[in-house]
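Everything on this sheet refers to the single structure shown next.
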Amino acid sequence: MNIFALEIWDDEASKCTFYTVRWEDSIENETDKFFNKYDANPEFKKSTQQLLSFVLDSIGEDHGAIDALFNRFENEVVGLPNKGNVNVSGVVFLYPNFPLRLYALRINNRSDLVVLFNGGVKSAQTNQGSKELYIKWIEACQFAKRIEDALRTKEIIIDNKQRRILSDNRDEEIFL
Amino acid sequence: MRSKVAERIQAETPEEVRIFVRQYTDIVLRINELLKARGYTQKDLAEKMKKKPSEINKWLKGNHNLTLKTIARLEAELGEPIIYTSREAVL
């Protein structure tokens, strides 16, 4: 896997800090690529706005990254928005047919630190059936594995007070 | 700091879209909590409301939004308020 930067995407929301990833040779991070791409497509503009509001307003400001909003488990990552599938058999509420998926990782299952990746259009029942989404999902899983490995080996650490991820020499600039 | 892309899209987002998303998330989380607290399954809920499970499923899973009627029915069955309306005087 090539080297990527782990950098802050948003630290202004009151309940959660959002990170993103950026390939070392890219000027644009993966989450910006996702939002830019679908915001520019009239078919998905409203869904893009809804998803951004879900991330920054509902998660960032109102609830944090709580279990009920992070429940669309797809291997190493979670697909946003949530599917509202409560802990009882098969009751599904929220955004059941939402066309977009944005992949995310909660750091150590905390409600206040999330890494956002890229995503795409859910055009088939499974990720494998949505070709572009499948590629982004595989990539997100690889980013997530690398980040979790770095946390395990303490190559990166969490600053609880600042709600930050730092390198082992407490630097905010992180390349993995 | 906030992503410039996020800032731009947020600035272009109609206020009603943000209000809808926040309220919808709040309502769903509230129903979620009440169902968990009561230990209800979809089947239980259908039985208590004398509806077919498929009908409950349609309310909750369908393409349509949760309607006020659905919320009122759920509120009646779950025995706790789901949404509040402000009664404060309009200034």
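Labels below follow one simple rule: chain letters A, B, ... track the order of the sequence lines, proteins then strands, and each chain is numbered from 1.
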Legend entry - Segment of A:Ile8 engaging chain B (4.5 angstrom heavy-atom cut-off): both
Inset, instruction - Report yes or no: do B:Phe20 and A:Leu100 belong to one cluster of Ile/Leu/Val/Met/Phe/Trp/Tyr joined by side chain heavy-atom distances under 4.5 Å? - result: yes
Legend entry - Side chain proximity check, B:Arg18 to A:Leu56, heavy atoms < 4.5 angstrom: no
Inset, instruction - Between chain B and each of A:Thr20, A:Asp39, A:Val55, count heavy-atom pairs under 4.5 Å; write down the option with the most. - result: A:Asp39
Inset, instruction - Among the options A:His63, A:Lys46, A:Glu28, A:Glu61, pick out the one with the most heavy-atom pairs lying under 4.5 Å from chain B. - result: A:His63
Inset, instruction - Measure A:Ile66 against the heavy atoms of chain B and call it side chain, backbone, both or neither at under 4.5 Å. - result: side chain
Inset, instruction - Mark yes when over 12 heavy atoms from residues, nucleotides or ligands other than A:Glu132 sit less than 6.0 Å from its CD; otherwise mark no. - result: no
Legend entry - OG on B:Ser3 to CZ on A:Phe18, rounded to 0.5 Å: 12.0 Å
Legend entry - Proximity breakdown for B:Leu29 and chain A, heavy-atom pairs closer than 4.5 Å: side chain
Inset, instruction - Would you mind checking which part of A:Asp11 comes under 4.5 Å of any heavy atom in chain B, side chain (CB onward), backbone (N, CA, C, O), both or neither? - result: both
Legend entry - Short side-chain to backbone donor-acceptor contact, A:Asp57 and B:Arg22, under 3.5 Å: no
Legend entry - Co-membership, hydrophobic cluster, residues A:Tyr38 and A:Ile135, 4.5 Å side-chain: no
Inset, instruction - Please tell me if the side chains of B:Met1 and A:Asp10 come closer than 4.5 Å, counting only heavy atoms from C-beta onward. - result: no
Inset, instruction - Could you give me the CA-CA distance, side-chain angles and deciding distance for A:Trp9 and B:Arg2, then say whether side chain to side chain contact (heavy atoms under 4.5 Å, CB included) is met? - result: CA-CA 6 Å; A:Trp9 191 71; B:Arg2 171 161 289 174; over 6 Å; no
Legend entry - Test item: B:Gln10 and A:Ser53 side chains (from C-beta on) under 4.5 Å apart, heavy atoms: no
Legend entry - Within one Ile-Leu-Val-Met-Phe-Trp-Tyr cluster: A:Leu52 and A:Phe98, side-chain cutoff 4.5 Å: yes
Legend entry - Any A:Lys45 side-chain heavy atom under 4.5 Å of B:Thr13 side chain: no
Inset, instruction - Examine B:Leu74 and B:Ile83 and state if one hydrophobic cluster contains both, with Ile, Leu, Val, Met, Phe, Trp and Tyr joined whenever side-chain heavy atoms are less than 4.5 Å apart. - result: yes
Legend entry - Residues, nucleotides or ligands: over 12 heavy atoms within 6.0 Å of A:Glu74 CD: yes
Legend entry - A:Asp62 vs B:Thr25 side-chain heavy atoms within contact, under 4.5 Å: no
Legend entry - ILVMFWY cluster, A:Ile174 and A:Ile157 together (side-chain gap under 4.5 Å): no
Inset, instruction - Before accepting this row, confirm whether a basic side-chain N of the pair B:Lys4/A:Asp32 lies closer than 4.0 Å to the acidic partner's carboxylate O. - result: no
